[in-house]
Asker: 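Quick one: this structure, given as structure tokens, is what I'll be asking you about.
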Amino acid sequence: MLRMSTLFLRTLREDPADAEVPSHRLLVRAGYVRRVAPGIYSWLPLGLKVLDNVATIVRQEMDAMGAQEVLFPALLPREPYEATGRWTEYGDNLFRLKDRRGNDMLLGPTHEEMFTLMVKSEYSSYKDLPVSLYQVQTKYRDEARPRAGILRGREFLMKDSYSFDLDDEGLKKSYEAHRAAYVKIFDRLGMDYRIVSAVSGAMGGSASEEFLAVAPTGEDSFVACTNCDYAANVEAVQIGTGTAEAAEHPPLEVLDTPDTPTIETLAAFLGVTAGETLKNVVVKLRHPDGSTEPLIVGVPGDREVDLKRLEANVAPAEVVAFEGEDFAKHPGLVRGYIGPQGDLGVRYVVDPLVVDGSAWVTGANVEGKHARNVVMGRDFTPDGTLAAAEVRAGDPCPRCGSALSLDRGIEIGHVFQLGRKYADTFSLDVLGPEGKPVRVTMGSYGIGVSRAVAAITEQSYDDKGLVWPRSVAPADVHVVIAGQGEQQEGGNRLAEELEAAGLRVLLDDRHKVSPGVAFKDAELIGIPTYVVVGKTLAADGTVEIRDRKAGTSRAVPVSDAVAEVLAEVRS
RNA sequence: CGGGGCGUAGCGUAGUGGCUAGCGCGCCUGCUUUGGGAGCAGGAGAUCGCGGGUUCGAGUCCCGCCGCCCCGACCA
């Protein structure tokens, strides 16, 4: 039993000044977590209970699907990460340190390398596969900008698992098993989530899906079809192509358009809509080997270029800004007046919304001049297409054509068919039935355990405080003693009976606090059911059972209280 | 990395260059109180982020640094 008279807890009457998002604000106010450094948090008793509850559910379902738990160190040697190139690839996001002998070490951001090496060192026969291993472990990523409390921290708790199979079919099965386990986990956590197609990116694998907790504070945008079950991260969505009118277009015409370096000024000057213009955005690609290459992307003028989406489509290259000095190196690029016609000397691609036969108003590659009736296929031919335009609500679903909705989500899980990238690097083979080595294929699967705590909070709170789902609440029931003497005794007795009935009980047995404080704290702490033992006990022998979420209250005789609470908690 | 905001007690904050840096919450002692963040009395707690400068005098003005929070990592 947790007794508030001795519980290590201090709630705050006011919101902390540095917290903005609800989960951060409330987890700090209610005394669940405390900040130690940017993106680094301590867990207080109540918070740790929730964190443990989430981890327990994750473990139960991972065990149930046949995965086995192991634990790697967070402190790791450089070599394995050097072998896969991630020592460099991770850049500043990697926490690096040296031991006393000057050897490079790191704090693990994720553990593909270590799991691969462990399986390699232990297993050597096809008879040993498939196998899935997982751990619940603290990860370290030196984020450029940690934000939103524990939603994006530099140290966080993650469940990562890895499957090892002989062939693609086996990998698919392991993947599906993980996916199914994740569905159970997030259902049990009481979360509102979507499974969306994700970008495989640099990892090179095929299938990849993200579990996104729907929340306005989420960092990921995703689309979902309003008709069919299609859903995808905006970085991965393939919206339909544009349409071209069959009509013959008048010949290309160059116009004087002084002082119109932006789409806005151009559209206003010519009296056309932004959607009729072709916006040509110059970026720079930085390849893994460090070399850079300019790239121009053409998108309809009424759309922004979605850099994350573009980057997902040019992986493993990174997209970086094309700056003033870069323009100096490419005098053919007239800032504000770039058009795809003519020889730009730079690779030019268009978004799929720009199609053959479509006519555009676009730059004339001369300061102060634009061109109209610039027809793709007639006046210019791009070097390819790359999905880069921002996706909008209402865009057509690629599967059924219905309108897409656009929402934000918090990435709480990711399932991913890795393939043989790591197996190749470390030559992870097992001996096959024919006596020949078979290269193993892998999947990797993650759940942000600490992030899930915050994500649950983001989905479940009100103006009074937290409202936990029963499955993760720090206690099953919160008994509030609002009164002295008989109420004190009655409350203590009830709490003990509830505990004897198998419930986890939080008892507010603080003598000196006024009932108002006790109520406010109960609401802030957010245990779904709380029982008030107070004046009604003396008056008519009843206690109140309150539902935190609904805000409802009902009086029951104290003798029935245990049964009533049990019924509610077990429902 | 760029932009914006902010650093005053555990938390939230006030503070025209001028007395001993103020208030609320929290904390400690005592008495009263006990169904919606109690009252009274007394008390502890601050190198005003750090360093330099201007000044008779700096929390306040100037310079530099550090830290934190938010936004953006792009509109040609």
Side-chain angles (χ1 to χ4, degrees), chain A residues 9-21 24-25 28-29 31 34-40 91-92 143-149 152 217 219 260-267 274 277-284 294-311 318-324 326-327 330 333-340 344 346 362-363 365 367 370 388-390 464-465 480-488 508 510-524 532-539 543-544 546 553 555:
Chain A
L9 171 73
R10 194 99 312 154
T11 58
L12 304 177
R13 186 182 291 230
E14 285 160 294
D15 284 336
D18 61 355
E20 301 260 326
V21 301
H24 189 196
R25 209 163 30 85
V28 171
R29 254 194 79 189
R34 288 290 182 262
R35 195 188 74 94
V36 171
I40 303 176
D92 287 339
E143 298 279 350
R145 190 158 87 81
R147 53 180 294 276
R152 172 174 292 279
T217 45
E219 292 185 284
T260 56
T262 66
I263 296 294
E264 233 173 55
T265 51
L266 173 64
T277 69
L278 180 65
K279 176 155 61 179
N280 302 295
V281 177
V282 194
V283 297
K284 223 166 25 172
L295 174 74
I296 305 177
V297 185
V299 299
D302 59 342
R303 302 221 181 210
E304 308 293 334
V305 166
D306 184 332
L307 279 194
K308 281 187 189 163
R309 200 164 167 241
L310 173 62
E311 191 160 67
E318 282 176 77
V319 176
V320 294
F322 195 82
E323 322 222 310
D326 297 310
F327 276 103
H330 294 271
L333 303 180
V334 186
R335 202 168 189 170
Y337 301 92
I338 294 171
L344 294 169
V346 171
T362 192
N365 297 311
E367 178 78 27
H370 280 85
E390 65 163 336
K464 296 188 175 75
V480 174
I481 298 174
Q484 306 297 306
E486 185 187 350
Q487 284 95 328
Q488 290 279 341
D508 193 346
R510 296 174 294 179
H511 288 260
K512 296 284 179 181
V513 305
S514 67
V517 171
F519 293 146
K520 292 287 185 196
D521 275 345
E523 283 151 356
L524 180 60
V532 180
V533 181
K535 63 180 182 187
T536 60
L537 184 67
V543 297
E544 285 171 60
R546 295 193 185 179
S553 167

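Side chains included, hydrogens not; waters and symmetry mates left out as well; all remaining heavy atoms used. By convention in this document, chain letters (A, B, ...) are assigned in the order of the sequence lines, proteins followed by strands, and residues within each chain are numbered from 1.
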Asker: By nearest heavy atom, map A/Phe519 and A/Ala19 onto RNA chain B; which one lands nearer the 5' end?
Answerer: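 The residue closer to the strand's 5' end, by nearest nucleotide, is A/Phe519.
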Asker: Can you list the residues that meet the side chain to side chain contact (heavy atoms under 4.5 Å, CB included) rule with A/Glu143, with sequence neighbours excluded?
Answerer: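 Partners of A/Glu143 by the side chain to side chain contact (heavy atoms under 4.5 Å, CB included) criterion, ordered by chain and then number, come out as A/Arg141, A/Pro146, A/Arg152, A/Arg154.
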Asker: In whole Å, measure the gap between the C1' atoms of B/G51 and B/G7 for me.
Answerer: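 It works out to 16 Å between them.
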Asker: What distance, rounded to whole Å, do you find between the two P atoms, one in B/U16 and one in B/G30?
Answerer: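 40 Å, rounded to whole Å.
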Asker: Can you check the A/Leu524 CG to B/C25 P distance for me, whole Å?
Answerer: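 So the CG-P distance, A/Leu524 to B/C25, works out to 18 Å.
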Asker: Quick one: list whatever passes side chain to side chain donor-acceptor pair (under 3.5 Å) with A/Ser514, sequence neighbours left out.
Answerer: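 A/Ser514: no side chain to side chain donor-acceptor pair (under 3.5 Å) contacts found.
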Asker: Can you tell me how far C1' in B/G59 sits from the matching atom in B/G22, rounded to whole Å?
Answerer: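 Looking at atom C1' only, B/G59 and B/G22 are 12 Å apart.
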Asker: Just the atom pairs and distances: protein N or O near nucleotides 8-13 of chain B's N or O, under 3.5 Å.
Answerer:
residue, atom, partner, partner atom, Å
B/G12, OP1, A/Ala17, N, 2.9
B/G12, O2', A/Glu14, OE2, 3.0

Asker: Would you kindly give the CZ-to-C1' distance between A/Arg13 and B/C23, to the nearest whole Å?
Answerer: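 Checked: the CZ to C1' distance equals 15 Å.
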Asker: Of all the nucleotides listed (B/G35, B/C68, B/C71), which has the minimum atom distance to the side chain of A/Arg147?
Answerer: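 Of the options given, the side chain of A/Arg147 lies nearest B/C71.
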Asker: Give the minimum heavy-atom separation between A/Leu278 and A/Gly298, together with the two atoms involved.
Answerer: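 That would be CD1-C, 4.0 Å.
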Asker: Would you list the pairs meeting salt bridge (Lys or Arg N to Asp or Glu O under 4.0 Å) in which at least one residue belongs to residues 512-524 of chain A, sequence neighbours left out?
Answerer: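 Only A/Arg510-A/Asp521 qualify under salt bridge (Lys or Arg N to Asp or Glu O under 4.0 Å).
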Asker: Please report, rounded to the nearest Å, how far the P atom of B/G36 is from the CD atom of A/Gln487.
Answerer: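 To the nearest whole Å, that distance equals 14 Å.
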Asker: Please classify the nucleic acid contact of A/Val532 as base, sugar-phosphate, or nothing, using heavy-atom distances under 4.0 Å.
Answerer: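 Base, at least one base atom sits under 4.0 Å.
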Asker: With sugar-phosphate meaning primed atoms plus P, OP1 and OP2, does A/Glu523 contact a base, only sugar-phosphate, or nothing at under 4.0 Å between heavy atoms?
Answerer: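 Base: the residue A/Glu523, judged by heavy atoms under 4.0 Å, touches a nucleobase.
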Asker: With sugar-phosphate meaning primed atoms plus P, OP1 and OP2, does A/Ala148 contact a base, only sugar-phosphate, or nothing at under 4.0 Å between heavy atoms?
Answerer: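 Sugar-phosphate, backbone atoms only, no base.
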Asker: Looking at every heavy atom in both A/Thr536 and A/Glu544, which two are closest together, and how far apart are they?
Answerer: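 For A/Thr536 and A/Glu544, the tightest heavy-atom pair comes out as CG2-OE2, 4.4 Å.
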Asker: Where the side chain of A/Thr536 is concerned, which of B/C68, B/G35, B/C25 is the nearest nucleotide?
Answerer: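 Among B/C68, B/G35, B/C25, the one nearest the side chain of A/Thr536 is B/G35.
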Asker: Mind checking side chain to side chain contact (heavy atoms under 4.5 Å, CB included) for A/Leu9 and listing every partner two or more places apart, or none if nothing turns up?
Answerer: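 Result, side chain to side chain contact (heavy atoms under 4.5 Å, CB included) vs A/Leu9: A/Met4, A/Leu7, A/Thr11, A/Leu46, A/Ile525.
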Asker: Just jot down the side chain to side chain contact (heavy atoms under 4.5 Å, CB included) partners of A/Val281, sequence neighbours excluded, or say none.
Answerer: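 A/Lys279, A/Val283, A/Val305.
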Asker: CZ of A/Arg510 versus P of B/G37: gap in Å, rounded?
Answerer: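 From A/Arg510 CZ to B/G37 P: 14 Å.
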Asker: Counting the atoms with a prime plus P, OP1 and OP2 as sugar-phosphate, which does A/Arg29 contact under 4.0 Å by heavy atoms, base, sugar-phosphate, or nothing?
Answerer: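 Base, at least one base atom sits under 4.0 Å.
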Asker: Please report the distance separating the P of B/A21 from the corresponding atom of B/A44, rounded so that it comes out in whole Å.
Answerer: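 It works out to 14 Å between them.
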Asker: Say you pick atom C1' in B/C66 and the same atom in B/C50; how far apart are they, in whole Å?
Answerer: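 Here B/C66 and B/C50 have their C1' atoms 7 Å from each other.
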Asker: If you measure from the C1' atom in B/G26 to the same atom in B/U13, how many Å do you get, rounded?
Answerer: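 Taking atom C1' in both B/G26 and B/U13, they lie 14 Å apart.
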Asker: RNA chain B: A/Gly516 or A/Arg35, which has the more 5' nearest nucleotide?
Answerer: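 Nearest-nucleotide comparison on RNA chain B picks A/Gly516.
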Asker: Rounded to whole angstrom, note down the P distance from B/A73 over to B/G3.
Answerer: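 Result for the P pair: 16 Å, nearest Å.
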Asker: Report yes if the side chains of A/Val28 and A/Arg34 come closer than 4.5 Å at any heavy-atom pair, otherwise no.
Answerer: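 Contact flag for A/Val28/A/Arg34 side chains = yes.
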Asker: From the options B/C74, B/C69, B/G35, select the nucleotide whose nearest atom is closest to the side chain of A/Arg546.
Answerer: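 Taking heavy atoms from C-beta onward, the closest nucleotide is B/G35.
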Asker: Of all the heavy-atom pairs spanning A/Thr217 and A/Val21, show the shortest one and how long it is.
Answerer: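 Nearest pair, atom of A/Thr217 first, then A/Val21: CG2-CG1, 3.8 Å.
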Asker: In whole Å, measure the gap between the C1' atoms of B/C48 and B/C61 for me.
Answerer: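 It works out to 16 Å between them.
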Asker: Using the side-chain heavy atoms of A/Lys520, tell me which of these nucleotides is nearest: B/G37, B/C69, B/C27.
Answerer: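 Taking heavy atoms from C-beta onward, the closest nucleotide is B/G37.
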Asker: Just verifying a value: how many Å separate A/Gln488 CD and A/Ile481 CD1, rounded to the nearest 0.5 Å?
Answerer: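 Here the interatomic distance stands at 4.5 Å.
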Asker: Anything under 3.5 Å between a protein N or O and an N or O of nucleotides 1-5 of chain B, put it in a table, one pair a line.
Answerer:
none

Asker: Does RNA chain B take part in any stems of at least 3 consecutive Watson-Crick or G-U pairs (both distances under 3.5 Å), and if so, which ones?
Answerer: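 Stems for RNA chain B, defined as runs of 3 or more consecutive pairs: B:1-7 with B:66-72, B:10-13 with B:22-25, B:27-32 with B:38-43, B:49-53 with B:61-65.
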Asker: Pairs under 3.5 angstrom, nitrogen or oxygen only, protein versus nucleotides 39-45 of chain B, please.
Answerer:
none

Asker: Which pair of heavy atoms, one from A/Gly534 and one from A/Gln487, lies closest together, and at what distance?
Answerer: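 Nearest heavy atoms, A/Gly534 then A/Gln487: O-CG, 3.2 Å.
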Asker: Could you list the residues that satisfy side chain to side chain contact (heavy atoms under 4.5 Å, CB included) with A/Arg29, not counting sequence neighbours?
Answerer: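 Listed in chain order: A/Leu12, A/Asp15, A/Pro16, A/Leu524.
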Asker: Could you list, one pair per line, each protein nitrogen or oxygen that sits under 3.5 Å from a nitrogen or oxygen of nucleotides 32-34 of chain B, together with the distance?
Answerer:
residue, atom, partner, partner atom, Å
B/U34, N3, A/Gln484, NE2, 3.1

